[in-house]
Amino acid sequence: MQEQEHIDPSLAAALRALAEEDTREGASNAVRTRLLAEVRSRGRGNRRAGVTTVLAVAATVVIAVTIAGWRVSWPLSSGTPIVETGGDEMATAFFPLFYAGVPMTEGQIVRLEVSSSVLASVGIAPADVPGDGRSATILADVLVGEDGLARAVRFVRPE
Amino acid sequence: MGEDGLLERARLGDEAAFSELFARFQGPIYRYAAHMCGPEGGDDVVQETFLAVLRQNGHFDASRGTLVQYLFGIARHIVVRHLATRSRTAFREPADDEVNGAAPASTSVLDSLTRAEAVDAVRAAVQSLPPYYREVVVLCDLQEMDYADAAEVLRCPIGTVRSRLHRARGLLTTKLAVLQPVGRSVRLPRPAEAAQPRRRQPDRVCQD
């Protein structure tokens, strides 16, 4: 307690006793339960928002890939290098996209399933992609910078 | 983890972070609210305060104040609203004729009471203070909040906190000085009765 020099000692002692007595007092469990429900609800909301963000990024990426098809030219009619990504899959090398020149300090790889027609739009022949090239869809790993811009893409086939 | 980190994680839905935050602050906020609004108001104020905290994304700036100041600032806002809604209690400094003067009375009578009696007597005396004075006693004397924090919560200069506390303690002393222990029963006078703190009035003491 503060500045006890200005307070009657009996009053100070009584206030201290009241404060000690009160330390047992607190909000009911019902309040805690209701508030925890609110926290859970916010957690679910944030997770939904996260999924929405990923989907929005994915949509952006698909658009970027499509646009990049006619903004970036690559001599890829054949001989596209194939690399192992580790695990049970094979992938092409990364192909730079429209925003490849924008500096980035960190990024994430977002895996998408895209139509095989995207291959043609970026100038890749189906034969250049691991696998049989006849599937309607293909997996794509897109490198997205911290600013949400897609920098590069590679195509993946599970073995 | 720092308090602002706890707050941020709680807002994102981290139950463990919220539980820790709640455990640290619910008690002091409850007790402040219960002294200001009555025990039935304590739960309401705690719930509304933490809901506001969870929903006010980004309103806490650690560089501008402590989390205690932030939380109590919200709680006080809710308390003032509750008081205004429930009893139209004016949250202002009472005029001199609305309260007892801070007579230099003695509270030595408290020494003759048991601890439980003294606690009850002081609780009742605190309750009988006008809200304007009660909250500074609750914050500084009961919650042991330092004057700088109290000044931030009350949005007034530290000097005002000191003077208000001095006045409030004087009022408490006056109210408690008129107590008389009879058996194990004590009743505090009403504010009007306490205007004559030195006068002994045996008929105002409950007889068991």
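Each chain gets a letter, A, B and so on, in the order its sequence line appears, and its residues count up from 1.
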Participant: Start with the C-alpha gap between A:Leu35 and B:Gln26, add the side-chain angles, then the distance that decides, and say whether side-chain contact (heavy atoms from CB on, under 4.5 Å) holds.
Facilitator: CA-CA 11 Å; A:Leu35 289 168; B:Gln26 63 86 16; over 6 Å; no
Participant: Measuring from atom CZ of A:Arg16 to atom CG of B:Asp141, what distance do you get when rounded to the nearest 0.5 angstrom?
Facilitator: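 Spacing of CZ (A:Arg16) from CG (B:Asp141) equals 10.0 Å.
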Participant: Which is it for A:Val39 and B:Asp14 under the side-chain contact (heavy atoms from CB on, under 4.5 Å) test, yes or no, and what are the steps along the way?
Facilitator: CA-CA 7 Å; A:Val39 173; B:Asp14 184 328; 5.9 Å; no
Participant: So, the side chain of A:Arg34 versus the backbone of B:Gln47: is there a donor-acceptor pair under 3.5 Å, distance only?
Facilitator: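 Checked: no pair found.
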Participant: Please state whether the side chain, the backbone, both or neither of B:Phe50 comes within less than 4.5 Å of a heavy atom of chain A.
Facilitator: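 Interface part for B:Phe50: both.
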Participant: For chain B, find which of A:Glu38, A:Glu21, A:Glu20 contributes the most heavy-atom pairs closer than 4.5 angstrom.
Facilitator: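 Most pairs with chain B among the choices: A:Glu38.
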Participant: Using non-hydrogen atoms and a 4.5 Å limit, figure out which bit of B:Val137 sits close to chain A: side chain, backbone, both or neither.
Facilitator: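 Side chain only.
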Participant: Rounded to the nearest 0.5 Å, what's the gap from CZ on A:Arg32 to CZ on B:Phe18? Could you check?
Facilitator: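 Going from CZ on A:Arg32 over to CZ on B:Phe18, the span is 8.0 Å.
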Participant: State, to 0.1 Å, how close B:Phe22 and A:Ala27 come at their nearest heavy-atom pair, and which atoms those are.
Facilitator: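 Shortest heavy-atom separation between B:Phe22 and A:Ala27 comes out as CZ-CB, 4.3 Å.
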Participant: Distance from A:Asn29 atom CG to B:Asp43 atom CG, nearest 0.5 Å?
Facilitator: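 It is 9.5 Å, given to the nearest 0.5 Å.
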Participant: Going from CZ on B:Arg11 to CZ on A:Arg42, what distance comes out if it is rounded to the nearest 0.5 angstrom?
Facilitator: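 Here the rounded value is 8.0 Å.
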Participant: Is there side-chain contact between B:Val126 and A:Leu15, with heavy atoms separated by less than 4.5 Å?
Facilitator: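 Yes, side chains in contact.
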